[in-house]
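All values below come from the heavy atoms of this structure, side chains included, with hydrogens, waters and symmetry mates left out. We're numbering straight along the sequence, starting at 1. Treat the numbers as computed from the prediction; the structure is a model and nothing was measured.
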Amino acid sequence: MFLKISVNYPLVLKIALLAFFCLPFNQVNAEAEILIPAPPNLAASSYILLDADSERILAEKNADEVLPPASLTKIMTVYIAFRELSNNRLSLDEMVTVSEKAWRTPGSKMFIEVNKKVKVEDLLKGIVIQSGNDASVAIAEHIAGDERTFAEMMNQQAHRLGMSSTHFVNATGLPAPNEHYTTARDLALLTRALIREFPEYYRWDKEKEFTFNNITQKNRNTLLWRDESVDGVKTGHTEAAGYCLVASAKREDMRLISVVLGTKSKSARANESQTLLNYGFRFFETHKLYDADTILTTARVWKGASEVVNLGLADDMYVTISRRHYKEMKATTNVDLKLLAPVKSGDSLGAVNVMLRDKIITSKPLIALNSIEKGSFFQRAYDSALMLIK
């Protein structure tokens with residue numbers, strides 16, 4: 001990867017520098033078009049295909065249309081439970097007493113029994129693998145006291161994750177017209193967070209069956225049998241929602257998330273999801289360019305206790321591009337001119353821009369990796385004079 005440092009030079013000088021430094025890239029046939037076949041037109045109300053690392057959207061249709069999520073709701077239900085586990089407010093061995101409300105909840109069931117105690121781990125597997133509505137209500141009541149309060153927690157997390165078109169009123173996805181809704185885009189955001197934050201629990205999503213109380217039920221995600229790269233995530237169905245599937249697959253170092261809503265059958269949701277995933281893997285590739293907290297460049301700091309600040313990225317930087325064009329990319333760093341102390345670690349002081357054929361395809365803030373305090377009176381006075389000269 002070619003990294004060139006740019007600091008807002010005059011245009012003529014920039015052109016000269018680009019001609020000198022970027023010659024290896026200009027030798028590529030830059031005039032040739034990058035042709036990518038159009039995304040497939042799926043038989044679904046709404047869909048989206050997202051690269052989990054770069055966050056690039058590879059295909060979408062009606063991705064912001066508000067729709068009922070059915071059992072896809074349970075992705076948020078387990079997301080909250082996983083957060084409770086990670087924050088030591090819940091344990092896998094903890095016992096949950098099944099309420100009559102949980103036992104009576106209609107729809108798909110784990111077949112827990114009223115007043116019996118069930119381990120948290122079993123309830124979570126009953127939600128993830130068996131799509132148990134009864135298990136969803138039981139875990140919601142155990143965490144929040146009642147399902148309504150748990151739904152408020154769901155909405156708080158949705159807001160935190162940027163799911164701007166989502167609202168929950170229950171932990172199951174049972175119909176609540178005009179009150180319980182989401183979008184394909186929001187579900188993709190949620191699924192990405194689930195996979196990235198809780199890999200130790202996400203592994204349950206690829207389990208093909210689970211036995212509880214001597215009853216074995218198979219995972220409803222039929223892609224798990226069809227495509228070995230698929231390792232989740234969740235199916236859903238109600239009359240209003242149609243047949244829905246959030247799927248994720250990883251091939252080599254590339255993970256894609258597909259959300260397909262409103263198909264007409266179980267086979268259709270699997271087929272359309274497979275088509276979408278195959279499109280993404282066939283025509284795109286994802287590369288990790290830079291690690292977080294790694295020094296990419298340095299910058300002069302004026303009037304500080306130190307003259308140099310290290311610059312890098314807050315998060316790993318990935319890029320998704322059409323296949324066979326990796327060598328045509330170049331990266332530049334643009335650093336703010338005349339940085340003045342104090343500088344705090346984490347301050348945004350510029351940007352890293354990645355370009356393909358002279359077009360910026362992704363950009364990330366360039367941050368200070370260390371802090372620089374104000375310099376002494378002598379240092380500040382000296383730098384003030386030096387800045388006037390320069």
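Between the side chain of Thr183 and the backbone N or O of Ser165 there is no donor-acceptor pair closer than 3.5 Å. Here the side chain of Lys206 pairs no donor or acceptor atom with the backbone of Tyr202 at under 3.5 angstrom. Proximity of a side-chain donor or acceptor of Asn310 to a complementary backbone N or O of Asn370 within less than 3.5 Å is not detected. No side-chain donor-acceptor contact under 3.5 Å links Ser273 to the backbone of Ala270. Without hydrogens or angle criteria, Asn334 side chain to Ala351 main chain gives no donor-acceptor distance under 3.5 Å. With Asp347 contributing its side chain and Val343 its backbone, the two residues share no donor-acceptor pair below 3.5 Å. In this structure, Asn155 contributes its side chain and His167 its backbone to no donor-acceptor pair below 3.5 Å. Here the side chain of Ser248 pairs no donor or acceptor atom with the backbone of Ile257 at under 3.5 angstrom. For Ser376 (side chain) and Gln379 (main-chain N/O), a donor-acceptor pair under 3.5 Å exists by modelled atom type.
With 3.5 Å as the limit, one finds a donor-acceptor pair spanning the side chains of Glu113 and Asn213. A donor atom on one side chain and an acceptor atom on the other are found under 3.5 Å apart for Asn353 and Ser363. Between Glu94 and His142, the side chains place a donor N or O and an acceptor N or O closer than 3.5 Å (distance only, hydrogens not considered). No side-chain donor-acceptor contact under 3.5 Å links Ser54 and Thr286. In this model, a donor atom of one side chain and an acceptor atom of the other lie less than 3.5 Å apart for Asp146 and Thr149. Asp227 and Ser229 share a side-chain donor-acceptor pair at under 3.5 Å.
A salt bridge links Glu147 with Lys101: the distance from a Lys NZ or Arg NE/NH1/NH2 to an Asp or Glu carboxylate oxygen falls below 4.0 Å.
Hydrophobic clustering places Leu349 together with Ile372 (ILVMFWY residues linked when any side-chain heavy atoms are closer than 4.5 Å, directly or through intermediates). Residue Leu174 is not grouped with residue Met154 when hydrophobic side chains (ILVMFWY) are merged at heavy-atom distances under 4.5 angstrom, including chains of intermediate members. Tracing side-chain contacts under 4.5 Å through hydrophobic residues (I, L, V, M, F, W, Y), one reaches Phe198 starting from Leu187; they form part of the same cluster. Side-chain heavy atoms closer than 4.5 Å link hydrophobic residues (I, L, V, M, F, W, Y) into clusters, and following such links, possibly through other members, connects Leu296 to Ile361. Both Trp103 and Leu123 are members of a single hydrophobic cluster when ILVMFWY side chains are connected at heavy-atom separations under 4.5 Å.
Sorted by first and then second residue, the salt bridge (charged side-chain N to carboxylate O under 4.0 Å, His left out) pairs with a member in residues 124-141 read Glu121-Lys125; sequence neighbours excluded. Sorted by first and then second residue, the salt bridge (charged side-chain N to carboxylate O under 4.0 Å, His left out) pairs involving residues 229-243 (not counting sequence neighbours) are Asp231-Arg255. Within the structure, the ring-ring contact (aromatic ring centres under 6.0 Å, His included) test picks out the following pairs touching residues 214-249 (sequence neighbours left out): His237-Tyr243. Legend: salt bridge (charged side-chain N to carboxylate O under 4.0 Å, His left out) pairs involving residues 371-388, not counting sequence neighbours, sorted by first then second residue: Arg300-Asp383. Here salt bridge (charged side-chain N to carboxylate O under 4.0 Å, His left out) pairs that include residues 259-281, with residues two or more places apart or in two chains, number zero.
Under the side-chain hydrogen bond (donor to acceptor under 3.5 Å, both in side chains) criterion, Asp205 pairs with no residue, sequence neighbours left out. Scored by the side-chain hydrogen bond (donor to acceptor under 3.5 Å, both in side chains) test, Thr362 finds no partners at all (sequence neighbours excluded). Legend: residues meeting salt bridge (charged side-chain N to carboxylate O under 4.0 Å, His left out) with Glu207, ordered by chain and number and at least two apart, are absent. Contacts of Ser267 classified as side-chain hydrogen bond (donor to acceptor under 3.5 Å, both in side chains), with partners at least two apart in sequence or in another chain: Ser265. Listed by chain and number, the residues in a salt bridge (charged side-chain N to carboxylate O under 4.0 Å, His left out) with Asp291 are Lys288 (sequence neighbours excluded). Shown here are the side-chain hydrogen bond (donor to acceptor under 3.5 Å, both in side chains) partners of Glu252, two or more places apart in sequence or in another chain: there are none.
With contacts defined as side-chain heavy-atom distances shorter than 4.5 Å, the pair Phe212/Ile112 qualifies. Side-chain contact between Tyr279 and Leu49: present, with at least one pair of heavy atoms (C-beta onward) separated by less than 4.5 Å. The shortest distance between side-chain heavy atoms of Leu190 and Leu161 falls below 4.5 Å. Counting only heavy atoms from C-beta outward, the side chains of Pro37 and Phe283 approach each other to under 4.5 Å. The closest side-chain heavy-atom distance from Val120 to Val96 is below 4.5 Å. In this structure the side chain of Leu313 never reaches within 4.5 angstrom of the side chain of Thr294, judged on heavy atoms. Side-chain atoms of Gln217 and Glu209, non-hydrogen and from C-beta on, never get closer than 4.5 Å to each other. Residues Tyr201 and Leu92 meet the side-chain proximity criterion, which asks for heavy atoms closer than 4.5 Å.
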Would Asn221 and Thr235 satisfy side chain to side chain donor-acceptor pair (under 3.5 Å), going step by step from the backbone distance to the final call? CA-CA 6 Å; Asn221 183 2; Thr235 61; over 6 Å; no
Side chain to side chain donor-acceptor pair (under 3.5 Å) between His159 and Gln156: does it pass, once the steps are laid out? CA-CA 5 Å; His159 177 75; Gln156 289 171 359; over 6 Å; no
Before giving the answer on side chain to side chain contact (heavy atoms under 4.5 Å, CB included), spell out for Met95 and Lys119 the whole-Å C-alpha distance, their side-chain angles and the decisive distance to 0.1 Å. CA-CA 5 Å; Met95 302 303 292; Lys119 285 200 309 182; 3.4 Å; yes
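The two atoms that bring Asp186 and Met163 nearest to each other are OD2-C, 3.2 Å, heavy atoms only. Listed here is the closest heavy atom pair of Val352 and Tyr290: CG1-CE1, 4.2 Å. Considering every non-hydrogen atom in both Ser322 and Ile36, the closest pair reads CB-CD1, 3.6 Å.
A 6.0 Å sphere centred on CZ of Arg323 holds more than 12 heavy atoms belonging to other residues, nucleotides or ligands.
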Donor-acceptor contacts, no H, no angles, side chain residues 63-82, under 3.5 Å, sequence neighbours left out:
{"residue": "Asp64", "atom": "OD1", "partner": "Arg185", "partner atom": "NE", "Å": "2.7"}
{"residue": "Asp64", "atom": "OD2", "partner": "Arg185", "partner atom": "NE", "Å": "3.4"}
{"residue": "Asp64", "atom": "OD2", "partner": "Arg185", "partner atom": "NH2", "Å": "2.9"}
{"residue": "Ser71", "atom": "OG", "partner": "Lys74", "partner atom": "NZ", "Å": "3.0"}
{"residue": "Thr73", "atom": "OG1", "partner": "Ala70", "partner atom": "O", "Å": "2.8"}
{"residue": "Thr73", "atom": "OG1", "partner": "His180", "partner atom": "NE2", "Å": "2.8"}
{"residue": "Lys74", "atom": "NZ", "partner": "Ser131", "partner atom": "O", "Å": "2.7"}
{"residue": "Lys74", "atom": "NZ", "partner": "Ser131", "partner atom": "OG", "Å": "3.0"}
{"residue": "Lys74", "atom": "NZ", "partner": "Asn133", "partner atom": "OD1", "Å": "2.6"}
{"residue": "Thr77", "atom": "OG1", "partner": "Ala171", "partner atom": "O", "Å": "2.7"}
{"residue": "Tyr79", "atom": "OH", "partner": "Arg160", "partner atom": "NH2", "Å": "2.5"}
{"residue": "Tyr79", "atom": "OH", "partner": "Glu197", "partner atom": "OE1", "Å": "3.0"}
{"residue": "Tyr79", "atom": "OH", "partner": "Glu197", "partner atom": "OE2", "Å": "3.0"}

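Checked against the 6.0 Å centroid criterion, the rings of Tyr318 and His287 do not qualify as a close aromatic pair.
Using a 30° and 60° split on the angle between ring planes, Tyr382 and Phe378 fall in the parallel class, below 30°.
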